[in-house]
Amino acid sequence: MRLLAGTLALILLCSCSSDAADAPPPVTYAEKDRPAEAKRLLTGRDWYRHAVFYEVNIRSFQDADGDGIGDLKGLISRLDDLQALGVDALWLMPMYPTPFVDSGYDIADYRDINRDYGALADFDELLSKAHARGIRVMVDLVLNHTSDQHAWFTESRSSKTNPKADWYIWRDTPGDPNIGCGTVNDTFGKDAWKLDPTRNQYYFHRFYAGQPDLNYRNPEVVQATLDVAKFWLDRGVDGFRCDVIALLYESKDGCDFIPETQEYIRKLRALLDGYPDRVMVAESTDYSGSSAYYGTGKDMFHMAFNFQYGYLWGLPFAGNAAKNVARPFEDSAKKNPEGAQDGLVIGSHDVNRAFVAAREIESRWLRAAFVQLTMPGTPYIYYGEELALRPGTQVVVDGRDSARTPMLWSKAAGFGFTTGKPWIAFGAEPEKTNLEVEKADPKSTYSFYRKLLSVRRGREAFGGGALQILAADDPTVLFYTRASSDETYVMVVGMDEDDGHTATVAGANLPGDGQLLFGEGALVREGSAAKVTIPAAGTAIFRVR
Ligand SMILES: [Ca+2]
Ligand SMILES: [Ca+2]
């Protein structure tokens with residue numbers, strides 16, 4: 001028996017079946033006190049490396065008052081469910097007053113709460129009740145633009161000489177050679193310049209016309225937006241998810257992550273560093289990787305979403321080559337500075353449901369989530385992914401509404417989301433994909449998530465351990481290890497959806513045979529090689545010692 005550092009508890013593992021004669025002999029070993037380990041890992045500056053995040057669309061999460069719109073009181077009433085799933089931190093989609101031209105990403109007041117969702121007192125209650133459960137709360141910081149209904153813009157558009165006349169980007173003509181970009185994509189329109197009849201000038205907007213870009217070349221805007229961040233930090237939030245943060249400044253050569261924007265990000269980071277344990281995650285606008293967002297590893301973001309996996313995983317899973325799933329993680333390991341921690345998603349409010357990316361094949365979204373939850377990085381589960389929510393068809397704002405339908409909590413009328421008429425229709429097959437039904441089914445997507453999250457919990461190797469990806473002699477078998485100073489885990493994913501495989505991995509140099517912790521399969525040490533068996537489209541985690 002090898003003695004491990006930290007608190008030890010001796011646990012007797014046995015098959016515990018009634019016919020003990022057929023059971024293998026019991027194995028004894030020193031096991032760590034996992035709840036104590038989880039608490040240790042989730043405390044202090046590095047908590048975010050070990051936390052499981054969960055993106056909440058408040059509007060669609062839980063309606064407490066029957067008006068059909070989710071609200072903060074509803075979210076508070078679901079904290080126990082989130083804790084039971086294994087969630088350590090929330091990322092709230094924008095909860096500010098908004099005309100809802102872009103689902104709240106058009107903010108009319110940075111320092112208040114959307115009346116549909118509640119009031120600042122409800123937000124404070126959410127913070128204290130989440131914190132009491134050890135759940136952190138990150139808010140969405142949308143700084144590139146405001147709503148055209150924000151008081152800053154109302155003033156700015158009123159004349160060419162008002163005190164905020166230069167807080168937005170105004171020109172006499174629809175264009176500027178020093179601004180080398182248009183709208184982000186067709187969703188937001190073809191033209192990035194809109195004539196304002198009051199001021200009789202054009203303003204610049206990279207997203208919807210109702211979202212004018214702030215003019216960061218004005219130092220007052222820099223200060224005012226940093227003050228917004230300070231307002232929420234002082235209120236007690238644990239950090240920010242920074243919306244399209246690369247787009248703050250424009251130049252003639254481009255508008256993405258230019259040096260002026262990087263300088264602003266360093267200022268924002270310095271502000272956060274004045275508070276204990278606060279973190280920020282970047283919505284990267286670069287699908288080829290996230291490495292630029294970390295700066296030196298200490299002066300920009302704690303985390304940045306790696307969309308090379310996050311939004312593109314459907315492609316490698318449509319084929320059967322293990323190396324294509326591994327590539328984004330190999331890239332990050334090569335390119336990221338020391339200290340970087342990618343944010344890992346398999347969906348979000350901006351893309352269609354994982355169910356769609358998986359082409360409706362269950363083993364694909366389960367394996368995609370398995371990789372998300374076991375590769376290096378901090379996982380961000382988008383609400384409802386743990387139920388495999390289906391896409392909706394009703395459009396209230398734009399096409400992205402397909403992934404913004406109400407959460408399904410029970411079999412009851414309104415599926416436990418509301419006693420009234422939901423603000424948007426439920427996704428397809430709600431009778432199959434609600435929490436009540438899935439909780440009772442050990443083979444459900446929910447049960448898969450819950451078990452995987454509990455295996456991950458309190459194991460340092462997943463949040464911070466080194467990654468080793470090894471090629472098997474069978475290209476359909478994905479094999480990788482995560483190791484902390486005193487524990488090694490092996491993950492195996494079967495890319496073949498029709499047949500199981502047995503493969504040999506040369507140079508694995510495992511410290512022992514594999515003990516199956518999750519999924520199905522077998523792992524045996526054969527000298528310096530490992531022999532692994534995985535069922536069709538299977539996933540497995542082995543503890544090796
Ligand atoms: Ca409501
Ligand atoms: Ca901008």
Side-chain angles (χ1 to χ4, degrees), residues 56-78 92-93 95 97-98 100 102 104-107 113-119 122-123 125-126 141-148 150 152-153 156 166-171 175-176 178-185 188 192-194 202-218 221-222 224-225 242-265 268 282-283 285 406-407 409 414-424:
V56 180
N57 176 1
I58 298 168
R59 194 175 195 83
S60 283
F61 204 61
Q62 176 67 63
D63 173 24
D65 61 4
D67 68 354
I69 299 172
D71 40 53
L72 289 169
K73 287 225 182 305
L75 171 55
I76 291 166
S77 75
R78 291 299 181 182
L92 306 181
M93 279 173 68
M95 70 291 173
T98 173
F100 217 66
D102 187 13
Y105 285 92
D106 48 324
I107 296 172
I113 299 293
N114 184 337
R115 286 287 165 268
D116 287 340
Y117 302 165
D122 299 307
F123 183 83
E125 186 186 345
L126 169 69
L141 197 59
V142 187
L143 297 182
N144 177 64
H145 47 264
T146 68
S147 163
D148 63 357
H150 194 290
W152 295 346
F153 190 74
S156 188
D166 194 31
W167 278 42
Y168 295 83
I169 301 165
W170 294 99
R171 299 291 184 270
D176 180 339
N178 289 314
I179 295 180
C181 50
T183 58
V184 167
N185 60 43
F188 305 104
W193 295 88
K194 185 176 176 188
Y202 295 85
Y203 66 86
F204 177 69
H205 61 91
R206 291 215 69 191
F207 295 90
Y208 287 119
Q211 296 169 290
D213 273 49
L214 283 160
N215 176 21
Y216 277 84
R217 300 208 179 266
N218 181 338
V221 168
V222 170
T225 52
C242 296
D243 185 65
V244 293
I245 193 75
L247 310 185
L248 297 190
Y249 286 79
E250 293 77 24
S251 75
K252 71 174 165 28
D253 300 320
C255 307
D256 201 335
F257 209 61
I258 64 175
E260 295 91 323
T261 298
Q262 296 177 35
E263 189 188 327
Y264 179 94
I265 291 167
L268 183 60
E283 181 196 16
T285 43
M407 189 67 176
W409 298 100
F415 298 99
F417 167 69
T418 184
T419 54
K421 183 177 186 299
W423 72 276
I424 189 168

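One-based numbering, in listed order, for ligands and for the atoms of each.
A salt bridge links R217 to E260: one of the charged nitrogens lies within less than 4.0 Å of a carboxylate oxygen. Looking at D116 and R59, a side-chain N of the basic residue comes within less than 4.0 Å of a carboxylate O on the acidic one, giving a salt bridge. K73 has a carboxylate O that lies under 4.0 Å from a charged side-chain N of E125, or vice versa, which qualifies the two as a salt bridge.
Between D65 atom OD1 and D67 atom OD1, the angle centred on the Ca ion (ligand 1) amounts to 80° (nearest 10°). Rounded to 10 degrees, the OD1-metal-O angle spanning N144 and L247 at the Ca ion (ligand 2) equals 70°. The O atom of L248 and the OD2 atom of D213 subtend an angle of 160° at the Ca ion (ligand 2), given to the nearest 10 degrees.
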What verdict does the side chain to side chain donor-acceptor pair (under 3.5 Å) test give for T183 and Y208, after you've listed the backbone C-alpha separation in whole Å, the side-chain angles of each residue and the deciding distance to 0.1 Å? CA-CA 8 Å; T183 58; Y208 287 119; over 6 Å; no
Start with the C-alpha gap between R206 and D213, add the side-chain angles, then the distance that decides, and say whether salt bridge (Lys or Arg N to Asp or Glu O under 4.0 Å) holds. CA-CA 7 Å; R206 291 215 69 191; D213 273 49; 5.7 Å; no
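The nearest N, O or S atom of G70 is not closer to the Ca ion (ligand 1) than 3.0 Å. The Ca ion (ligand 1) lies under 3.0 Å from an N, O or S atom belonging to D63.
For D71, the N, O or S atom with the smallest separation from the Ca ion (ligand 1) is OD2. Taking the Ca ion (ligand 2) as reference, the nearest N/O/S atom within E250 carries the name OE2.
Below 30°, between 30° and 60°, or above 60°: for W170 and F153 the angle between ring planes is below 30°, a parallel geometry.
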